[in-house]
Engineer: 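Let me begin by handing over the structure; questions about it come next.
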4 protein chains.
Amino acid sequence: MTGTKRPSERRDALVQIAAELFAEQGYRATTVRHIGDAAGVLSGSLYHHFDSKETILDELLSSYLEELLDTYRAIAKKDTAPKTTLRDLVLASFRSLSEHRAAITVLQNERNYLRTLPRFTYLTKAEEEVRRIWITVLRDGVEAREFRPDLDPLVTYRFLRDSVWVTVRWFRPDGRMSADQLTEHYLTLIFNGLAPNG
Amino acid sequence: MTGTKRPSERRDALVQIAAELFAEQGYRATTVRHIGDAAGVLSGSLYHHFDSKETILDELLSSYLEELLDTYRAIAKKDTAPKTTLRDLVLASFRSLSEHRAAITVLQNERNYLRTLPRFTYLTKAEEEVRRIWITVLRDGVEAREFRPDLDPLVTYRFLRDSVWVTVRWFRPDGRMSADQLTEHYLTLIFNGLAPNG
Amino acid sequence: MTGTKRPSERRDALVQIAAELFAEQGYRATTVRHIGDAAGVLSGSLYHHFDSKETILDELLSSYLEELLDTYRAIAKKDTAPKTTLRDLVLASFRSLSEHRAAITVLQNERNYLRTLPRFTYLTKAEEEVRRIWITVLRDGVEAREFRPDLDPLVTYRFLRDSVWVTVRWFRPDGRMSADQLTEHYLTLIFNGLAPNG
Amino acid sequence: MTGTKRPSERRDALVQIAAELFAEQGYRATTVRHIGDAAGVLSGSLYHHFDSKETILDELLSSYLEELLDTYRAIAKKDTAPKTTLRDLVLASFRSLSEHRAAITVLQNERNYLRTLPRFTYLTKAEEEVRRIWITVLRDGVEAREFRPDLDPLVTYRFLRDSVWVTVRWFRPDGRMSADQLTEHYLTLIFNGLAPNG
DNA sequence: AATGAATGAGGCTTCATTCAT
DNA sequence: TATGAATGAAGCCTCATTCAT
């Protein structure tokens with residue numbers, strides 16, 4: 001979240017164009033020439049709008065993360081029953097897949113790499129806040145006997161987190177299943193398991 | 001699985017050295033110079049052992065996939081109850097994480113990219129065979145009323161597949177949890193869900 | 001001295017802004033964006049005032065050189081004793097350092113480069129006229145036995161010329177020594193040398 | 001003086017080739033393509049020998065400065081009469097012009113720029129040591145009544161320093177005047193001045 | 001006069017690969 | 001087998017300049 005960027009329509013449009021390419025081919029595999037081509041300008045012209053390729057990515061990721069964290073914080077603050085809170089978190093996550101598919105894909109695929117860049121240390125911070133929120137819900141749920149008592153909150157958190165976000169690899173919101181339907185399917189599985197008597 | 005090259009100890013050692021780097025930094029981000037440095041030779045010298053950087057990766061991935069498919073086929077052939085078969089598949093997968101962490105990591109991270117390379121079309125074929133095996137188990141389980149009747153086999157397969165393999169991001173077999181313990185935790189969640197009465 | 005453009009206050013101010021940057025960072029290292037930033041406009045806007053970056057430099061250098069040559073010519077024409085003429089030339093040079101520090105700095109630092117540009121051939125011409133004036137004074141002085149008979153006029157000229165102008169690297173007219181004081185110090189050294197009986 | 005570089009004949013030859021270009025056209029105006037062309041290789045091939053263009057310059061300047069400082073230190077340590085010490089310093093400087101013309105030229109021309117680069121802070125340190133040596137000689141000479149009592153050591157140092165080094169702009173050791181002849185001419189002027197009775 | 005977007009040439013650097021020794 | 005030097009394509013970025021608004 002480096003500096004407050006002056007927005008501009010052109011700028012935003014370029015971020016979106018780049019985002020698609022980053023998601024499809026990977027951030028590092030996407031050249032500025034690709035981006036320029038997709039935008040209909042020479043690659044050098046991109047530098048009229050952005051300091052660097054990294055800046056484009058930063059803009060994409062930081063704006064997504066800010067929105068997601070805002071949503072998560074609002075859900076966590078509502079103080080509903082753990083099962084409801086968990087459901088809301090899952091729903092919010094799947095819904096964000098529709099609007100932010102590109103950002104999420106990049107985040108999933110380039111996470112390891114990006115964490116080595118000083119500019120993106122905020123990713124780690126955001127991750128930590130997210131973890132705190134999920135783990136709190138899981139702990140509360142166990143305490144309130146809404147979840148199994150033998151649940152390991154950390155392992156379960158990782159499992160939930162990854163299994164939600166990894167769906168970005170195949171989930172298409174315009175496909176045969178909507179985000180809300182996916183959430184329903186997912187939650188049924190998560191809450192009740194595969195067993196028919198669940 | 002391009003050309004089964006005459007094996008050699010040095011060759012295998014080099015593949016392992018490269019594998020670690022591929023896993024840590026990504027295949028594309030790993031330069032042949034990195035590999036040479038890690039192996040204690042100049043980058044050009046690697047070309048006495050391998051045709052290309054791709055060949056090193058090919059060797060790593062194809063040998064892993066062959067082993068995994070053999071294991072999966074053996075499990076599927078045994079014709080045990082679906083629940084048992086599923087358990088065995090999950091267990092085999094988690095166990096392979098210990099020995100083949102690097103290969104699996106690369107496969108997870110570079111999948112999209114590799115599928116665009118003609119040389120690695122066998123990845124897609126292997127994936128298809130794996131999918132057939134898992135989906136068969138899920139269908140059989142539903143039919144045998146071992147799994148919920150409303151289960152969508154395709155979505156469930158993707159969910160299981162991803163949630164298993166994605167653990168490679170954080171699972172360390174030498175950590176506080178063994179592969180078998182992880183399997184147990186995972187299967188409990190999968191079969192019974194979060195609910196305490198599951 | 002390409003085209004004497006209609007002057008304008010804004011134009012002159014821009015030349016001065018650019019001059020400071022040229023002196024501080026070098027002509028080539030100063031981008032039109034630097035200049036625009038310092039002037040509070042976008043770089044493209046400078047092109048409403050100047051054809052090119054070269055034009056800005058041209059304006060700076062040619063106006064300085066015209067003034068210097070006028071002064072030198074007036075001194076040479078006065079036909080005073082060689083020692084007096086030399087003193088006047090040195091004094092005029094040091095005094096010009098105060099008002100034209102930027103121009104002189106650029107001239108010193110970029111001389112080699114600028115001489116390769118067709119537009120700036122006038123620099124070489126001006127240099128030649130200056131040399132004629134100084135060498136004449138030195139020759140006259142030797143002839144009039146005001147200077148040592150074994151003096152090599154060409155080498156001495158270069159030595160004087162460079163040692164005067166190179167002070168632009170460190171001389172600050174607003175520092176502890178004025179231009180006139182520096183002249184005094186310099187002339188004492190030049191005329192009498194380091195020796196105490198000089 | 002970044003790191004001890006493994007020398008190699010090719011490497012040294014490339015430094016010399018680059019040095020000539022840096023001196024002729026300036027460091028920044030010399031492109032790696034120029035250097036490659038002059039060396040008969042592609043520009044990228046230079047990176048087999050050097051990390052960067054800066055490294056080439058570093059190698060040139062640091063090796064020159066080490067040698068010069070060694071010579072200066074040896075002269076200063078000898079504890080001869082100030083006039084003799086000064087003569088030796090001047091002679092050593094002019095002699096170094098023959099062998100290190102390129103390095104000296106770059107140092108003179110790019111000094112301001114290089115001082116802004118973190119890598120070249122050692123330039124400033126070397127300059128300070130040189131200044132200490134010269135100023136000590138001047139002070140000692142005044143005290144020993146070998147130099148005029150009204151001499152300002154700092155201003156005189158600058159004057160001597162600049163007037164010596166600036167000759168690199170025109171002095172050609174293979175021209176009509178040798179380094180030693182130039183020294184003689186220079187010292188006569190410096191010690192006795194222009195006046196015939198000096 | 002000024003802006004904002006773009007051009008096009010060229011800068012430094014990286015890297016898989018080749019090859020004579 | 002290994003080295004050391006080189007290739008050639010490509011990557012990110014800079015910058016003077018142009019031009020429609």
Side-chain angles (χ1 to χ4, degrees), chain A residues 6 8-11 13-14 27-36 39-57, chain B residues 8 10-11 14 18 27-36 39-57, chain C residues 8 10-11 14 18 27-36 39-57, chain D residues 6 8-11 13-14 27-36 39-57:
Chain A
R6 59 246 131 102
S8 112
E9 274 184 38
R10 185 68 175 129
R11 196 178 164 87
L14 289 171
Y27 169 67
R28 280 167 293 177
T30 302
T31 70
V32 292
R33 205 125 57 201
H34 287 329
I35 303 173
V41 296
L42 289 176
S43 62
S45 303
L46 296 171
Y47 291 81
H48 180 65
H49 301 277
F50 305 96
D51 287 347
S52 66
K53 192 181 148 188
E54 250 187 24
T55 301
I56 304 180
L57 181 62
Chain B
S8 110
R10 182 76 173 128
R11 198 179 163 84
L14 290 172
Y27 168 68
R28 280 166 292 178
T30 301
T31 68
V32 292
R33 194 146 144 188
H34 287 328
I35 303 172
V41 294
L42 288 180
S43 61
S45 304
L46 294 171
Y47 288 81
H48 287 286
H49 301 277
F50 305 96
D51 288 348
S52 67
K53 192 180 148 188
E54 253 187 21
T55 300
I56 304 179
L57 180 62
Chain C
S8 109
R10 182 74 173 129
R11 197 178 164 85
L14 289 172
Y27 168 68
R28 281 166 292 177
T30 302
T31 69
V32 293
R33 194 147 145 186
H34 287 328
I35 304 172
V41 295
L42 288 180
S43 61
S45 304
L46 294 171
Y47 288 81
H48 287 286
H49 300 278
F50 305 96
D51 289 347
S52 68
K53 191 180 150 187
E54 253 187 20
T55 301
I56 304 179
L57 180 63
Chain D
R6 60 241 130 104
S8 111
E9 276 185 37
R10 186 69 175 126
R11 197 178 163 88
L14 290 171
Y27 168 68
R28 281 168 291 177
T30 301
T31 70
V32 293
R33 206 125 57 202
H34 288 328
I35 303 172
V41 296
L42 288 177
S43 62
S45 303
L46 296 171
Y47 290 80
H48 179 65
H49 301 278
F50 305 96
D51 286 348
S52 67
K53 191 180 149 189
E54 251 188 23
T55 300
I56 304 180
L57 181 61

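We name chains A, B, ... by the order of the sequence lines, and we start the count at 1 in each one. On a predicted model such as this, the values are computed, not experimentally measured, just so you know.
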Engineer: What integer distance in Å separates A/L42:CG from E/dA6:C1'?
Structural biologist: 8 Å
Engineer: State, yes or no, whether a side-chain contact exists between B/L46 and B/V41 at a heavy-atom distance under 4.5 Å.
Structural biologist: yes
Engineer: State whether B/R28 places a side-chain N or O below 4.0 Å from either non-bridging phosphate oxygen (OP1 or OP2) of E/dA16.
Structural biologist: no
Engineer: Mapping C/T30 and A/T30 onto DNA chain F by nearest heavy atom, which one lands closer to the 5' end?
Structural biologist: A/T30
Engineer: Any chance you could measure C/I56, atom CD1, to C/Y27, atom OH, to the nearest 0.5 Å?
Structural biologist: 8.0 Å
Engineer: So does B/H48 get a side-chain nitrogen or oxygen closer than 4.0 Å to the phosphate oxygens (OP1/OP2) of F/dA2?
Structural biologist: no
Engineer: Can you tell me the distance, in whole Å, between the CZ atom of C/R33 and the C1' atom of E/dA5?
Structural biologist: 13 Å
Engineer: Do you know which two heavy atoms are closest between D/T30 and D/K53, and how far apart they sit?
Structural biologist: O-NZ, 2.8 Å
Engineer: Quick check: on DNA chain E, is the nucleotide nearest C/V41 upstream (toward 5') of the one nearest B/S43, or the reverse? Name the residue that is more 5'.
Structural biologist: C/V41
Engineer: Checking contacts here: which listed nucleotide (E/dC12, F/dT17, F/dA5) is nearest the side-chain heavy atoms of D/S8?
Structural biologist: F/dA5
Engineer: Just how far, in rounded Å, is C1' of F/dG11 from OH of A/Y27?
Structural biologist: 12 Å
Engineer: Once you round it to whole Å, what is the distance between P of F/dC19 and CG of C/L46?
Structural biologist: 17 Å
Engineer: Grab the CZ-C1' distance between D/R10 and E/dT21 for me, whole Å please.
Structural biologist: 16 Å
Engineer: Inspect the surroundings of CZ in B/R33 and state if more than 12 heavy atoms from other residues, nucleotides or ligands are less than 6.0 Å away.
Structural biologist: no
Engineer: Take atom CD1 of A/I35 and atom P of E/dA6, then tell me their distance rounded to the nearest Å.
Structural biologist: 14 Å
Engineer: Would you mind telling me which residue lines up with the more 5' stretch of DNA chain F, A/T31 or C/K53, judged by nearest nucleotide?
Structural biologist: A/T31
Engineer: Could you tell me how far apart B/H49 (NE2) and E/dT17 (C1') are, to the nearest whole angstrom?
Structural biologist: 16 Å
Engineer: Among F/dA2, E/dA2, E/dA6, which nucleotide has an atom closest to any side-chain atom of A/S45?
Structural biologist: E/dA6
Engineer: Check whether any side-chain nitrogen or oxygen of C/Y47 sits under 4.0 Å from OP1 or OP2 of F/dT18, and answer yes or no.
Structural biologist: no
Engineer: Looking at E/dT13, which nucleotide sits across from it as a Watson-Crick or G-U wobble partner, both distances under 3.5 angstrom, or is there none?
Structural biologist: F/dA10
Engineer: As an exercise, state the distance from NE2 of A/H48 to CZ of A/R11, rounded to the nearest 0.5 Å.
Structural biologist: 10.5 Å
Engineer: Name the pairing partner of F/dT3, where a pair is Watson-Crick or G-U wobble with both distances under 3.5 Å, or state none.
Structural biologist: E/dA20
Engineer: Can you tell me the distance, in whole Å, between the CD atom of B/E54 and the P atom of E/dT17?
Structural biologist: 8 Å
